[in-house]
Amino acid sequence: MASTTVNVVRYTALLGGVFYGIAHRRSLQKAHDAEVKHHAIHEREHLIEEAKAAFKRKQESGKDGVVTDPEDPRFDLEKLIAKWEAESQ
């Protein structure tokens, strides 16, 4: 049978480990939450920049009616070449 001192040391170590685990888990969770928030903010900024670029392309293409983006389904190479020829003269 274990003595009282040994039992006190055992339970003290057990409780210390449990409280350390709780504190460690909280710090890890706090760091993870901060990283998720940081990622969400930067993702939103990236989406806003993409939207601004798309809007700018749309506004520029609307000025003369010629679509210069080859990824756009309305892109017409002949109209673009004609526009470049007109600008160069």
Side-chain angles (χ1 to χ4, degrees):
M1 184 121 189
S3 69
T4 307
T5 307
V6 172
N7 283 337
V8 168
V9 170
R10 281 183 189 165
Y11 286 110
T12 302
L14 177 66
L15 289 175
V18 168
F19 287 126
Y20 171 77
I22 291 170
H24 187 64
R25 166 71 182 188
R26 283 186 178 176
S27 67
L28 289 176
Q29 187 66 42
K30 187 182 289 187
H32 176 71
D33 291 344
E35 184 179 338
V36 167
K37 183 178 179 183
H38 180 73
H39 178 69
I41 289 171
H42 284 289
E43 180 66 23
R44 175 171 254 158
E45 289 174 355
H46 176 71
L47 291 174
I48 289 171
E49 287 180 18
E50 281 184 356
K52 285 181 180 181
F55 182 74
K56 184 178 177 183
R57 281 194 309 264
K58 183 178 178 183
Q59 293 299 322
E60 288 175 355
S61 69
K63 291 178 184 174
D64 54 6
V66 177
V67 178
T68 58
D69 183 14
E71 299 295 321
D72 194 328
R74 299 175 292 132
F75 178 71
D76 187 6
L77 184 60
E78 292 177 10
K79 287 183 182 178
L80 182 61
I81 291 173
K83 175 188 167 209
W84 287 342
E85 287 177 353
E87 288 176 354
S88 66
Q89 294 175 352

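Just so it is clear, the values below take in all heavy atoms, side chains as well, and ignore hydrogens, waters and symmetry mates. Sequential numbering from 1 along the given sequence is applied to the chain's residues.
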*Assess whether side chain to side chain contact (heavy atoms under 4.5 Å, CB included) is satisfied between L28 and H24, documenting all intermediate values.*
CA-CA 6 Å; L28 289 176; H24 187 64; 3.5 Å; yes
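Remark: Q29 CD is packed, more than 12 non-hydrogen atoms of other residues, nucleotides or ligands lying under 6.0 Å away. When the shell of 6.0 Å around CD of E78 is examined, it contains 12 or fewer heavy atoms from other residues, nucleotides or ligands.
L77 and W84 end up in the same hydrophobic cluster when Ile, Leu, Val, Met, Phe, Trp and Tyr side chains are linked at under 4.5 Å. Residues L15 and I22 share a single hydrophobic cluster, defined by chaining ILVMFWY side chains whose heavy atoms lie under 4.5 Å apart.
Relative ring orientation between H38 and H42 is described as perpendicular, the plane-to-plane angle rising above 60° on a 0-90° scale split at 30° and 60°.
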What donor-acceptor contacts under 3.5 angstrom involve side-chain atoms of residues 46-55, with partners at least two apart or in another chain?
from: H46; atom 1: NE2; to: E50; atom 2: OE2; distance (Å): 2.8

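Atom CG of residue D33 and atom NZ of residue K37 lie 10.0 Å apart, to the nearest 0.5 angstrom.
Every residue meeting the salt bridge (Lys or Arg N to Asp or Glu O under 4.0 Å) condition with K83, not counting sequence neighbours, appears here in chain and number order: D64, E87.
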